[in-house]
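Before any comments, here is the structure.
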Amino acid sequence: MIDLRRLADEPAYRAGAVRKGIDDAVLDELDELEARRRGLQSSTEDLRARQNAASKAIGRSSPEERPERIEEAGRLKVELSTAEDELRELTDRVGELALTVPNPAHESVPDGGEDDFELVAEVGERSSPPPHDHADYAEAMGFIDLPRGARTSGSRFAYVMREAALVEFALVQYAMQMVVAEGFVPVVPPVLVSEQMMIDAGFFPTDRNQVYEIESDALHLVGTAEVPLAGLHRGERLSADEVPARYAGFSSCFRREAGTYGKDTRGIFRVHQFDKVEMFSYVAPDESWDELERLRALQERIIGGLGLPYRIINVASGDLGAAAAKKYDLEVWLPSEERYREITSCSNYLDYSARRLDCRITGEGFVHTLNGTACAIARTLVFLFEHGQDAEGGWVVPEVLRPFTGFDRVEPR
RNA sequence: GGAGGGAUGGCAGAGCGGACGAAUGCGACGGUCUUGAAAACCGUUGGGCCUCCGGGUCCCGUGGGUUCGAAUCCCACUCCCUCCGCCA
């Protein structure tokens, strides 16, 4: 949720919103409606003050003068209720319109769309395509079974099997250990959440068609642990010594992937269900930009530690989600496609999400929230399957995972 | 799934139609006393929003309703507890 006061008072803040694609005319209308709403709130409260005073006077008055006073208070009541209706209607309109305004892009975010990102860093060697892409290879090795997944649940569902299943657990352990060492509190959150939680986390109504719904119980399967982690301090007042509060949530993630038919159909690059370790930070307002760099650095260590070549991009304004003021994507080189593909990302939401979550720091206003992927397992496996093939067709386990897998290579089948 | 009970300030707990943003106790903070501490005593001690900075308004689980007036009465919902049944 946007800060309406800043929107009206700070040209730079407003400009950042325009860069995210919101229309100037909408912002003008919003400013005007909000100004009217404030005026109406003041006058309504004045009226209520008079009505309150009239009612209190009745309690102190003698029985003889009561009837007349009650009648007078009754008149004020009618007048007040008209003003209240008007105020409510205006408040609803302002709220509705305000929800359509995205979080203004930070000044360091480049203008433009998907291809207008700023390249921040590039680490490691781009390698040439392997004999088999991850889909063929994983099938041949018995790591992934998509046909049977489809038979069980439909397309984009997979069985992850044999050593790959153990590598999945190893990745979870590796990523979790890494972030816990950095002070993130390990969490296994609920993956079914209420509609209100989806709204407050900022996923509804925009991403409604991407979410699986359990209608019989009015619950929703989360697409990321970000949702329940955002709920961890919803409606709370944190004291200054409770921040920064950092959490690492492990959860299965469920995504309908509506509108992606024919896109990334090979293997498990894009599936309806996968596991992920997600980082979420609650920090003081003056610390969120440092925190974003911290998340980024941690992601680089996790992905770099696996021996994968990657680059970091500063995503352009038009390609940012509504809640993010700035976002880094970490992309790994996918040899079979000879291009970089997204593996993790991290965003600074500033106070945008915290407003809707109503989470504040005592005396410091709204908390700032950030989130970032520690490890999205299925997608990480994709990259590991391609980069880990050796000359004999065997698969080499990244060194950092070996303590968790107990084996360092899988023989070709 | 069935039957009961409950939700009030940091915590405990009173209040059950008007002087209640709310008794009392504990805790926390400040002070007196003390070499220091404890004890004792005195005082302070929730938050949101609007503001012509005087003040006003809203908040007793949440949302509605009754009333001139609701923590208090009515309705719905949510959550918690106890018992029975079922269950990894």
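Each chain gets a letter, A, B and so on, in the order the sequences are listed, and its residues count up from 1.
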Which value, in whole Å, describes the distance between the [atom1] atoms of nucleotides [N] and [M]?
N     : M     : atom1 : answer
B:A3  : B:U57 : P     : 45 Å
B:C11 : B:C83 : P     : 26 Å
B:G25 : B:C73 : P     : 27 Å
B:G5  : B:C86 : C1'   : 23 Å
B:U62 : B:U8  : P     : 10 Å
B:A14 : B:C33 : C1'   : 34 Å
B:G65 : B:G13 : P     : 33 Å
B:A23 : B:A71 : C1'   : 14 Å

Nearest to the [X] side chain among [options], which nucleotide is it?
X      : options             : answer
A:R38  : B:C50, B:U67, B:U57 : B:C50
A:S42  : B:G21, B:G47, B:C50 : B:C50
A:R360 : B:G47, B:G21, B:C49 : B:C49
A:Q41  : B:G64, B:G69, B:C50 : B:C50
A:D46  : B:C58, B:G56, B:C68 : B:G56

_Which residues pass the side-chain contact (heavy atoms from CB on, under 4.5 Å) test with A:D319, not counting sequence neighbours?_
A:E114, A:V315

*asked:* Checking the side chain of A:H387 only, and the main-chain atoms of A:L306 only, is there a donor and an acceptor separated by less than 3.5 Å?
replied: no

Is [N] paired to anything, Watson-Crick or G-U wobble with both distances less than 3.5 Å, and if yes, which nucleotide?
N     : answer
B:C52 : none
B:G63 : B:C75
B:A88 : none
B:A3  : B:U82
B:A28 : B:U44

*Looking at the angle O4'-C1'-N9-C4 for a purine or O4'-C1'-N1-C2 for a pyrimidine, is B:G54 syn or anti, with syn meaning within 90° of 0?*
syn

Is [X] touching bases, backbone alone, or none of the nucleic acid, heavy atoms closer than 4.0 Å?
X      : answer
A:A54  : nothing
A:D358 : nothing
A:Q51  : sugar-phosphate
A:R69  : nothing

_For A:H220, ring-ring contact (aromatic ring centres under 6.0 Å, His included) partners two or more places apart_ = A:F204

*Evaluate side-chain hydrogen bond (donor to acceptor under 3.5 Å, both in side chains) for A:Y212 paired with A:H272, printing each intermediate quantity in order.*
CA-CA 10 Å; A:Y212 288 104; A:H272 288 309; 3.2 Å; yes

*With a 4.5 Å heavy-atom cut-off, do A:Y310 and A:I343 have their side chains touching?*
no

*Could you go through the side chain to side chain contact (heavy atoms under 4.5 Å, CB included) check for A:W395 and A:R409 one step at a time?*
CA-CA 6 Å; A:W395 187 74; A:R409 181 171 179 274; over 6 Å; no

*asked:* Let me spell it out: for each of A:R88 and A:A57, pick the nucleotide of RNA chain B with the closest heavy atom. Which residue's pick is nearer the 5' end?
replied: A:A57

*For B:C49, does OP1 or OP2 lie under 4.0 Å from any side-chain N or O of A:R5?*
no

